[in-house]
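Beneath this line is the structure, given in structure tokens, with notes to follow.
Throughout, a chain's letter reflects where its sequence line sits, starting with A, and its residues are numbered from 1.
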Number of protein chains: 2
Amino acid sequence: MAQKNLLPYILLGLIENEPMTGYDLKKEFETEIGEFWSVKHSQIYLELKRLVANGDIESNTGYFGNKIEKTYYKITPQGTKSLEGWKYSYEDQLAINKDEFVLKLYFIKDKKDPRLKELLNEQSHLHKKKLEHLNSRLKEVFPNKKIIDNNYGHYLILNHAIKREMEYVSWLEDAILSI
Amino acid sequence: MAQKNLLPYILLGLIENEPMTGYDLKKEFETEIGEFWSVKHSQIYLELKRLVANGDIESNTGYFGNKIEKTYYKITPQGTKSLEGWKYSYEDQLAINKDEFVLKLYFIKDKKDPRLKELLNEQSHLHKKKLEHLNSRLKEVFPNKKIIDNNYGHYLILNHAIKREMEYVSWLEDAILSI
DNA sequence: TATAAACATGTAATTATTAACATGTTTATG
DNA sequence: CATAAACATGTTAATAATTACATGTTTATA
């Protein structure tokens, strides 16, 4: 069981719906899935090569007009199988989720430290903005019940992200008041 | 401003209190800070070398008895400065926090998918266990107000972790009921 | 007391990730 | 219509992180 590097599954998951080019995939990380995951485009191209070498996807280079050359990737039956295997596999333990701000706080010992409140305020501002953004995403992406039911996983995690930000903000506000 | 690799700051932050060996540092990641961050011990040794080369810490090798040889690291004024700079620096934007389960859900489209509930249940179980664990940590680590006030950052983030897990569990429970 | 398990301390190799470099193509705009 | 900006597509180099390898020391236990 290959672990850790999840990018292959992401690419498979995206390509599964329809053949895509490297650039199409890159753009996915600027919108939809970009809310939950990030990678650099250089990584995408590397991984695509590996997936081809591995037989999980097939490439098809076409010439559009006489200038543009595009390589589309489509998933193979083997790739589909690999994707399914991952999607429904169980995790036996939770990964730690690394948050730089949380880390900083760990090293701020003194409750009376005057800079503490500043940091909390700044963080609160960032998370409020994020919360706002997520709320508008929800309205935008899921305007009706049919879309919700056909993209239920996405709907769930977007709601989760919103609740998480609400928790974050409320925690920070409480912390600010407490000092 | 060096970004990204936060391990140097963690090591500085830990060494700041008292000189420590590589192994001492490794152990920190199994208890206290291990709740919020993880690294492999091989990475610690590499980073310690770099910090020494960079003048942020100094090493001092001593022979205990006639067998054991230990190298203690202590922070230099330059290291302290670097640590302080990081601790009170502002972040301009939030990093994405990568969660494999959330990623999986993104690719599960169909609300009626029978395996969805299984996955949600399994996750719920994991987070309930984690929540329990964190609650007992809180009691253990912060038995009284004095300790709280002298380790306030740590107190705050432990509370945050607890609230986050509560959110996670409640989200999952709602999701399970919704399908 | 032999032997296994856990402690303690690192190095080397592999893989993943990010940053930097390159290069040609449309599209907008002054 | 010249030119800058953004689009599109990659490769190469550098850094970070994980995995595997190595080796000697206590401590527990059969």
Expressed as a whole number of angstroms, how long is the span from [X]:[atom1] to [N]:[atom2]?
{"X": "Leu51(B)", "N": "dA16(D)", "atom1": "CG", "atom2": "P", "value": "11 Å"}
{"X": "Lys70(A)", "N": "dG10(D)", "atom1": "NZ", "atom2": "P", "value": "11 Å"}
{"X": "Glu100(B)", "N": "dA16(C)", "atom1": "CD", "atom2": "C1'", "value": "15 Å"}
{"X": "Tyr45(B)", "N": "dA12(C)", "atom1": "OH", "atom2": "P", "value": "15 Å"}
{"X": "Ile44(A)", "N": "dA16(C)", "atom1": "CD1", "atom2": "P", "value": "16 Å"}
{"X": "Lys26(A)", "N": "dA6(D)", "atom1": "NZ", "atom2": "P", "value": "13 Å"}

Identified salt bridge (charged side-chain N to carboxylate O under 4.0 Å, His left out) counterpart of Asp149(B) within the set Lys112(A), Lys109(A), Lys111(A): Lys111(A)

Taking only nitrogen or oxygen atoms into account, show me every contact under 3.5 Å that the protein makes with nucleotides 17-22 of chain C, one pair per line with its distance.
from, atom 1, to, atom 2, distance (Å)
dT17(C), OP2, Asn5(A), OD1, 3.2
dT17(C), OP2, Gln43(A), NE2, 3.3
dA19(C), N6, Ser42(A), OG, 2.9

Verdict with reasoning, Glu165(A) to His133(A), per side-chain hydrogen bond (donor to acceptor under 3.5 Å, both in side chains): CA-CA 10 Å; Glu165(A) 290 306 321; His133(A) 167 72; over 6 Å; no

Lys128(B): partners by side-chain hydrogen bond (donor to acceptor under 3.5 Å, both in side chains), with sequence neighbours left out: Glu173(B)

Answer yes or no: is there an ion pair linking [X] with [Y], defined by an N-O contact shorter than 4.0 Å?
{"X": "Lys81(A)", "Y": "Glu84(A)", "value": "no"}
{"X": "Arg50(B)", "Y": "Glu47(B)", "value": "yes"}
{"X": "Glu30(B)", "Y": "Lys27(B)", "value": "no"}

Whichever of Lys49(B) and Lys27(B) has its nearest DNA chain C nucleotide further upstream toward 5': Lys27(B)

